[in-house]
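Step one of this worksheet: look at the structure below.
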Protein chains: 2
Amino acid sequence: MAAKRQTRAPVFAALGDETRLALVAKLCGGRPCSISQLTRGSKLTRQAITKHLRVLESAGVVHSIRMGRESRFEFDPQPLEGIRKYLDFVSEQWDQALSRLTSFVED
Amino acid sequence: MAAKRQTRAPVFAALGDETRLALVAKLCGGRPCSISQLTRGSKLTRQAITKHLRVLESAGVVHSIRMGRESRFEFDPQPLEGIRKYLDFVSEQWDQALSRLTSFVED
DNA sequence: CTAATATGCAACCTGGAGGTTGCTTAAGAT
DNA sequence: ATCTTAAGCAACCTCCAGGTTGCATATTAG
């Protein structure tokens, strides 16, 4: 549990940027995209986008496959499920705290 | 939707740090804590913890109430629900993409 | 073969994140 | 009244995230 927590912060951090959220939103549509494709429509440089993609890749949110002269990036859902579990945990803790408070007041 | 997306990245970013994840884990237990209480058990300075708390507060994950000479921090669940919605959206997009791929292969 | 496209690599810049120390002020405790 | 504990404020430091430009390399198109 503590070990798992150490692996969640980087995933959250990877999503803590508007540009990267936009990339994830595009890639979770299913069709793998090259760097150039992902750069079109953004005001940033190709290298900036590349760096963002590497951050997402390090967090495991995305992976790349070299296809000829282009490298295609594809979405990877596992890490997102991981942090969803964490949110579930927090939510549950909170709900239990609220119930305890309620039953205490009712005494 | 685009407006809402602009407000999610800061929440993800606020959770993108081990120290802050630990603070959230403590506070979601229900009982509000003072800065000194939250500092005990951490290897960091009180000021460092304070800064982290302010980050969480700016993201809306937490709020503080001044009680006498101490300021108590309490968990706030709404922003977390917000990013959970985002994860649901991404997940759904991905699942739909998988179904489309499957039905295409089956043709 | 040559031109164009897609990417990689490296240097460089700037700002802010994360952390510390030192000092001040407010509020309880004795 | 005094001591102690809680917190705020500000200056300062270091390091890395995010972005750019410039150049080199691989692959596809004509």
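Keep in mind that what you see is a predicted model, and the values were worked out from it rather than measured. Lettering follows sequence order; numbering is per chain, from 1.
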Original post:
How many angstroms lie between atom CD of A/Gln96 and atom CD of A/Gln93, to the nearest 0.5 angstrom?
Top reply: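 Going from CD on A/Gln96 over to CD on A/Gln93, the span is 6.0 Å.
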**OP:** Give B/Arg72 one of three labels, base, sugar-phosphate or nothing, depending on what nucleic acid heavy atoms sit under 4.0 Å from its own.
**Re:**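 The answer is nothing, as B/Arg72 stays clear of every strand by at least 4.0 Å.
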Original post:
Touch check for A/Thr45, heavy atoms < 4.0 angstrom, all strands: base, sugar-phosphate only, or nothing?
Top reply: base
Rounded off to whole Å, could you give me the [atom1]-to-[atom2] distance for the [X] and [N] pair?
| X | N | atom1 | atom2 | answer |
| --- | --- | --- | --- | --- |
| A/Arg66 | D/dA26 | CZ | C1' | 7 Å |
| A/Ile49 | C/dT7 | CD1 | P | 12 Å |
| B/Arg54 | D/dA7 | CZ | C1' | 9 Å |
| B/Ile65 | D/dA6 | CD1 | P | 18 Å |
| B/Asp17 | C/dG16 | CG | C1' | 14 Å |
| B/Leu53 | D/dA7 | CG | P | 10 Å |
| A/Lys51 | D/dG18 | NZ | C1' | 6 Å |
| A/Arg20 | D/dG18 | CZ | C1' | 9 Å |

Original post:
Hey, is the side chain of B/Thr50 poking within less than 4.0 Å of OP1 or OP2 on D/dA7, counting only N and O atoms?
Top reply: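 No, outside the criterion.
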Original post:
Is any side-chain nitrogen or oxygen of A/Ser34 closer than 4.0 Å to OP1 or OP2 of C/dT7?
Top reply: yes
Original post:
What about A/Gln47: does its side chain form a donor-acceptor pair under 3.5 Å with the base of D/dG22?
Top reply: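 Counting by modelled atom types and ignoring angles, a donor-acceptor contact under 3.5 Å is found here.
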Original post:
Does any donor-acceptor pair link the side chain of B/Arg46 with the base of C/dG19 at a separation under 3.5 Å?
Top reply: no
Original post:
Considering only D/dG18, C/dT7, C/dG19, which nucleotide approaches the side chain of B/His52 most closely?
Top reply: C/dG19
Original post:
Which nucleotide sits closest to the side chain of A/Arg69: D/dT5, D/dA10, C/dA4?
Top reply: C/dA4
Original post:
Between the main-chain N or O of B/Leu44 and the side-chain N or O of B/Ser42, is there a donor-acceptor pair closer than 3.5 Å?
Top reply: yes
Original post:
Within the distance-only criterion (no hydrogens, no angle test), does the side chain of B/Thr45 pair as donor or acceptor with the backbone N or O of B/Ala48 below 3.5 angstrom?
Top reply: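 Absent.
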Subject >> First encountered from the 5' end of DNA chain D, between A/Leu44 and B/Ser71 >> reply: B/Ser71
Original post:
Which residue, B/Phe73 or A/Glu70, contacts DNA chain D at a nucleotide closer to its 5' end, judged by nearest heavy atom?
Top reply: B/Phe73
Original post:
Hey, any chance A/Leu80 and A/Leu56 share a hydrophobic cluster, counting ILVMFWY side chains that come within less than 4.5 Å of each other, even indirectly?
Top reply: yes
**OP:** Kindly indicate whether the side chain of A/Phe73, heavy atoms from C-beta on, has any atom under 4.5 Å from the side chain of A/Leu23.
**Re:**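 No, too far: nothing below the 4.5 Å cut-off.
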